[in-house]
Structure formats: C-alpha cells, structure tokens
Protein chains: 2
Amino acid sequence: MTAAANQSGRRPTTSRRLERAGIRDVAAAAGVSITTVSDALNGKGRLPDETRSRVREVAERLGYRPSAAARTLRTGRSGLIGLTVTTYGEEPFTFTEFAYFAEMARAATSAALGRGYALVVLPASSRHDVWGNIALDGTVVIDPPDQDPLVSELYRSGVPVVSDGKPGNCPVTAWVDNDHEAAVLGILDHLSEAGARRIGLLTGTSTDTYTRLSTEAYLGWCAKVGQEPVYETYPAHDPAAGAVAADRLLARPDRPDAVYGLFDPNGTDLLAAARRYGLRVPDDLLLVCCSESDVYATTEPPITTLSLKPRRIGTTVVNLLIDAIEGVDSGTGVDIARLFPPRFRTAGTGPPPGTLMPTELIVRASSQRRSPRTTVSPPRPPGEV
Amino acid sequence: MTAAANQSGRRPTTSRRLERAGIRDVAAAAGVSITTVSDALNGKGRLPDETRSRVREVAERLGYRPSAAARTLRTGRSGLIGLTVTTYGEEPFTFTEFAYFAEMARAATSAALGRGYALVVLPASSRHDVWGNIALDGTVVIDPPDQDPLVSELYRSGVPVVSDGKPGNCPVTAWVDNDHEAAVLGILDHLSEAGARRIGLLTGTSTDTYTRLSTEAYLGWCAKVGQEPVYETYPAHDPAAGAVAADRLLARPDRPDAVYGLFDPNGTDLLAAARRYGLRVPDDLLLVCCSESDVYATTEPPITTLSLKPRRIGTTVVNLLIDAIEGVDSGTGVDIARLFPPRFRTAGTGPPPGTLMPTELIVRASSQRRSPRTTVSPPRPPGEV
DNA sequence: AGCCCTTGGAGATACGTTTCTCCAAGAGTG
DNA sequence: CACTCTTGGAGAAACGTATCTCCAAGGGCT
C-alpha cells in the first residue's frame, strides 16, 4: 500500500493533506495500480467484476473526480463545442434574430448534452486569446458573414466547423440552412392569392445569408411577375431603425398593399405604422413577418408568421458537428483530420455537404383578406388613431 | 538546432510531420529553450526585448497555438465558467423567464469575455458525467431551488458558486438578486394610487426565490392593508397553463380590478382574458406584469411592466464570481480554497455576501386610470368581443 | 513434461504546458 | 584580484490521466 502510494518517490506523506483525491490516491487506497483504476472506472481492460466494483467503491468513497484537463490533454477530446454568434457592436448576440437564436441555441444545447458535449458561447468578436485558450472539439457558427476570418482559421487548424446558414466563402465541414428562397416565394404567392397587388418587403442592410437570399428571392419574384420592387432596408440590429423603416415603407407614394418583414419585430412595427396611417389590417394591408414569437397569435389582429423552426436547425447542426468530430477517428483509429489537413480534403470532395430544412408558415388573420379589394388607397399622413 | 529538437530523445524526425506545432517546435526553430519560449510568449521571466520579439515571430510563423488543455492542467485555471439554468422537463432553460434569462445570459457572457473567461451552458439536469468532464473555474447558478444538490456538490468541491437569486439552503460564495419585496410593494402601491380596490396576483407554483418572495410580499401587503388576497397559481413553465390561470383569475366571483402578473406572458394572457370578459383596460382592469419584452410598449393598450434589469444582474454575478476566482490566490499565492474547504470558511464568515439590485417600473397606459371608478362591476361570462 | 493461451494486472511513457531551481558569464566594486 | 550582483537563459519536475507494452501465474492440451 505505502509502496504504491510512494511510487516514483512523489507526494511525501508529510505535506498537504487536503488536496483533491487523484487517481493515484484511489489506486493506493484500493491497493491496485493506476492502470487498474483507470480501466475499472472507464470500463476498459480485462478485469473481473469484483475488482471493478471494489475500485469504483473506493473512488466513490474518496470523492474522486477525474481531472477534465488531464483527460483532455491525454485524449485530445474536451467534450466542448463552441457556439459562435455574430455580433453587432458590443453585444454578443444579435438583437434581431434573438428569439430565433435563443430557440436554436437551446435546442443545440440539448442535443449536445444528450451526446455528452457542452456548449461554450463565443462571440466571433471575442478577443483572440479567449478563443485560443479553450480546447474545442468543434464549433457551430451561426450565420457567418461572407468572409469570416475566424471560421477560416478554425477550419484551417483542423477544428470541425458546421454553420447555421449557408456559408459564403468560408470553408466549413458542413452547413444547415432553411430553404429561404422557397419560404419567401411561398409567402409572396400566399399574399398574392389573398389579393395583394403590390407586395413590399422590409429587409436588412447586412450581408448575411438570410438577408441576402431572402431579398434576392423577392427581387426575382418581382421580376417574374412583373411587379416593381417596393422595399426598405435598415440595419437589422437596431430596433429603433426597424420602426422607422416600417413607417417609411408605408409612407411611400407607391405604398404596398401587403408587406413581408424579414425580422421579428417588424410585425408590431408594421402594425403600429399601419395604425398611424389609418390602415386596417388585413383590409387595407396584408401582413406577414418572420418570427418565432407567439405574441403574434394574440395581437390585434393576429399576424401571420414564418417560423424558421430553429429547434430543428439547432439539433441538426449539433448532430452533424458531433458526427464529424467522432467520425474522424472512429473508423480506422487514425486521425484523418491531422494527417490530411482541410486543404487536401476540400480539393477532393468538392463543396461541403449542406442540408436545407423547410420552414413553416403560420397563417393568421393578417394575411387573409375577408373581402378582396381591388383598389389601392393612397397613403395618408400620420395623424390621430 | 537538431540537438535542441532532439532533446530528451523524443520526436524522431522520421515520423509524422503534420502535427500541430508545439512549444518544443518553436523552441527548436528559434534556437532557444522551452522555458524561454514560454516566458517570451507570456511576458514573464527576464528576457531582452530582442529575444522576446524573435521568439514571438517564430511562434507566429509556425502558427503556434498553446494547448489549452495543457495550460489548464498545469495552472489549474481553465478560463471557463459554468452557467447553470434551472430546467423544467426536458428543456434546458425555462420558458417563462426566457427574455429575462436571455438578456441576463447575454450580459453575463459579455462581462465574462471582457475579463477573459468564456461561459459554458450547463443545465442543472445534465448528466453528471458532463459536469464532471469539464474543468470549471466557477459557476453561475440561476435561481437555484431550495436544496440544490448540484450547487452543494460544486461548492463542496471548492468551485466558487455565485447565484442569481437569493439561495434557499444551498451554500454559495455570493449571490445577487433583485429586491423583489420592494418591487412588489411598489407595484401594489402604484396600483392603489391609480384607484385599485382589489388587487389580484397571477403567480407560480414553483418554489424558486422569485416566486416565493414576490408572493410573500403580496400576501404581507394584503394583510397590512386589510385586503383579502385574490390570486391564482400555475406552473410557470407551461404557457398554456398561464392563459388558463389568467382566465380563472378574471372569472372569479371576487374578480380583482387590478392584476399583477409575475411572468412575462401574463400581460398578453390577461389582456386576452379581459377582452373575453368584456373588460376594458385600464378602465375596468388595471394591469401590470413583469417582463423584459418591449412588445408591451405597442400592445393595445400598452402595458405597464416591471423590469428586473437582467443585464445589470448578469454583469454583477459574473464579476462577483471572477473576483472570487481570482481573489482566492491572488493575495498570498496560497490557494486558500484548497487549504480551507468551504466547511471551514462558512463557519467563520457567516452567510455569504448578497447584493440586492433595484428593479424598474415602466409605467404605461394599462395602470393609469383616466377616470377613477368607484364601483367594481361583476364578472361577465365569456362571449363576443 | 513441455507448450501455448488466457487472465489479471503492473510499469512506464506521453500529452504540452508552466514554473521552480539553478548556472554561467559578464559587470561592477572594494 | 576576489567578491557579489545582475542578466539571460537552460534543465527538469510537476500537473493527472490514458494507454501501450509487458509479465507472472495458472490451466489445458499433446
């Protein structure tokens, strides 16, 4: 026993007694070797059940907790996944996609935990030293901008990266996105069928995939059906700007008789603007916005929303990422990612695999006209309600 | 050069060349010792600027990134902070406090990153092995239940714990909370001044601090002013139950003429219920709810809300935690937490230090009666709007 | 008896840092 | 000159685990 405890001459019995128990202490207490303890606790090696349970019992008694850092160092696996969120200004997450992000992050957290991983929230704008200081097995990137140096560096250094949102120019292991084009076209058709003659769009100024694809789909649709595009843009991270833009859109001489708002707060903003101009919804104005919030079920009138189903996205993204993490050396036992850095792989396999997920249109009163109108009334100046 | 590279006989030059560069490689390339590289990169030791910059340059050229795991193992610091959220059912976060939690978490993330730490999201219900597998420097616990075994174990094992919400029976390093009693009393007084004769409460069934303190404050106030308490409870994590409870409250024979709802969705739920019963807000019913959402600025009518200022809470919690983490051995260089486990400390120092933070009442139309009424109309059965 | 195979387990090494200790060479100083 | 101090840096010991290699003892078989 003492021989085992004093192996390699370490840890003289005289000094600190209050240290947390390590694997050596367990080995000493159980009268076995370190190897045996490790094997017993991890279910490896060839040990009779008796030894296994005895070791486990001793470990339990000593309150032994394996050191995560040592395990990570040894195995090269930390069980940590980075969750990168785009930032505007000082804040870690975007305001505008907030409900979406929150739902998505929640689902991602669940999925990761279910597979034994935990999520670390890491804004893309973080100080470089923070990123470097964390051992990540992989990273989820939400809506990477066109050329994200962070993503490129991660990918280059061999960390699997899966993005929510089809990446522009950054190489990623895989990506997941909604079918934004189909979603927008579906909404425009829906509004047309409800009698809309001139459909407007409230969109953002940023270059992320969501904004870009949605706007392009709108413009394409306009070109196809021969409608002059009617849209206003604003910096989506600024809620105040959203209200102003909504107002601007309804104040135009070519005021639309239906509007789709790309961002969550647009619904209430447009509703408020409509009230200011004396427009009734849905009689004078059809309304749809993209939102995950159920407040739109109880507004007056309830507003039709497009849900991006963030839960499904979050779950899918995380599962793809973990598959990539574990798939790499689960097959041959060889760490392919290290032997063949990304530049070799991409050349052979072409673009990274992407998954398109459907959206869901929740139709409410705001997009269903009771009696279709044939004329478009001119805008009225803001006045009393 | 080759001599330095082959020190201690490791890493024969014949084998794998594609490994990520380690500190040894940098040392070899720069023709210095490992010690010098470490010192140069970390700004320690006594080195001429020339050596320092040369080493840095070589490290940069080789794309050297220190291994977080090794550093953590050596220093005992991971730079990781756990963010524990209470869970109801399967989901990692609560639904009801969602906006609050989101804001709080965002602020906490910012604050942590600003001080070089990152946040790991860890639902309290996570599998034990996930908790054990992560090296945490400390943990933030949101609204711990009365006897949280997780918190107790963390604290016992020497990990600093700071809670958002005054803890019931779990020992923590420190805690931060709103002054819920003052907040509720302030609201009740506000409603009284607006002419309320019978103030009802919509509250939760769970035992967290927020619900408990708020309800107690309400009951105390009722006792003081001689009003019979009028309240309904529901499981706060179930949005559907909230709508039902709101309905129940307004359907009572002793229907209140003013209601305070403790949870975010209560505002819209109560508004909807009021409409169902033909009650006008604020004429027939004064309304206040606790919420961080700004949708209540644009409801019809706008609803007075109590904000718990989650950003301030999140920032404060994290700063307290990091102070505790860094304060422990910044003074004497001795790790007090290890030499004197919590059970020794608590005996001497009494209850953990707590901080109460003020709330903010955002007064809108729903709690200001235009013409004070003196009679309370009986409830009407649900019918047309 | 000699041989191989299985079982149970011990030893040692490596993971990649940080840091404590120590040393050599000048530089000043009496 | 003999000495101390400072500068610049090297060596080696941890940190705590996982795992590869190897060994001893016994059992069955020819």
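Chain A is the first sequence line, chain B the second, and so forth, proteins listed ahead of strands; every chain is numbered from 1.
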| task | Mind running side-chain contact (heavy atoms from CB on, under 4.5 Å) on W131(A) and T139(A) for me, showing each step along the way? | result | CA-CA 11 Å; W131(A) 273 96; T139(A) 302; 4.2 Å; yes
Can you name the side chain to side chain donor-acceptor pair (under 3.5 Å) partners of [X], sequence neighbours left out?
| X | result |
| --- | --- |
| S78(A) | D137(A) |
| N319(B) | R115(B) |
| R65(B) | E153(A) |
| T36(A) | S33(A) |

Nearest whole angstrom, please: distance from the [atom2] of [N] to the [atom1] of [X].
| X | N | atom1 | atom2 | result |
| --- | --- | --- | --- | --- |
| L73(B) | dT19(C) | CG | P | 12 Å |
| R20(A) | dC15(D) | CZ | P | 13 Å |
| L41(A) | dG16(D) | CG | P | 16 Å |
| R71(A) | dC15(D) | CZ | P | 19 Å |
| R77(B) | dG16(C) | CZ | P | 24 Å |

| Nucleic acid contacts - residues 50-57 of chain B versus DNA chain C, non-hydrogen atoms under 4.0 Å | none
Dump the pairs, protein N or O against N or O of nucleotides 19-23 of chain D, anything under 3.5 Å, distances to one decimal.
unit_1	atom_1	unit_2	atom_2	d
dT19(D)	OP2	K44(A)	NZ	3.1
dT19(D)	O4	T35(A)	OG1	3.3

| field | Which residue lies more 5' along DNA chain D, comparing A70(B) with S33(B) via nearest heavy atoms | value | S33(B)
| Do the non-hydrogen side-chain atoms of S163(B) and V151(B) ever get within less than 4.5 Å of each other? | no
| message | If the condition is salt bridge (Lys or Arg N to Asp or Glu O under 4.0 Å), which residues does E50(A) pass it with, not counting sequence neighbours? | response | R54(A)
| request: Could you list the residues that satisfy salt bridge (Lys or Arg N to Asp or Glu O under 4.0 Å) with E57(B), not counting sequence neighbours? | output: none
| task | Please identify each residue that fulfils side-chain contact (heavy atoms from CB on, under 4.5 Å) with N169(B), with sequence neighbours left out. | result | Q147(B)
| task | Kindly write out the residues that satisfy side-chain contact (heavy atoms from CB on, under 4.5 Å) with R56(B), not counting sequence neighbours, or none if the list is empty. | result | L41(B), R52(B)
| Going by number, which of residues 60-69 of chain A have a non-hydrogen atom under 4.0 Å from DNA chain D? | Y64(A), R65(A), P66(A), S67(A)
| query | Among pairs that include at least one residue of residues 28-48 of chain A, which meet salt bridge (charged side-chain N to carboxylate O under 4.0 Å, His left out), considering only residues two or more places apart or in two chains? | reply | none
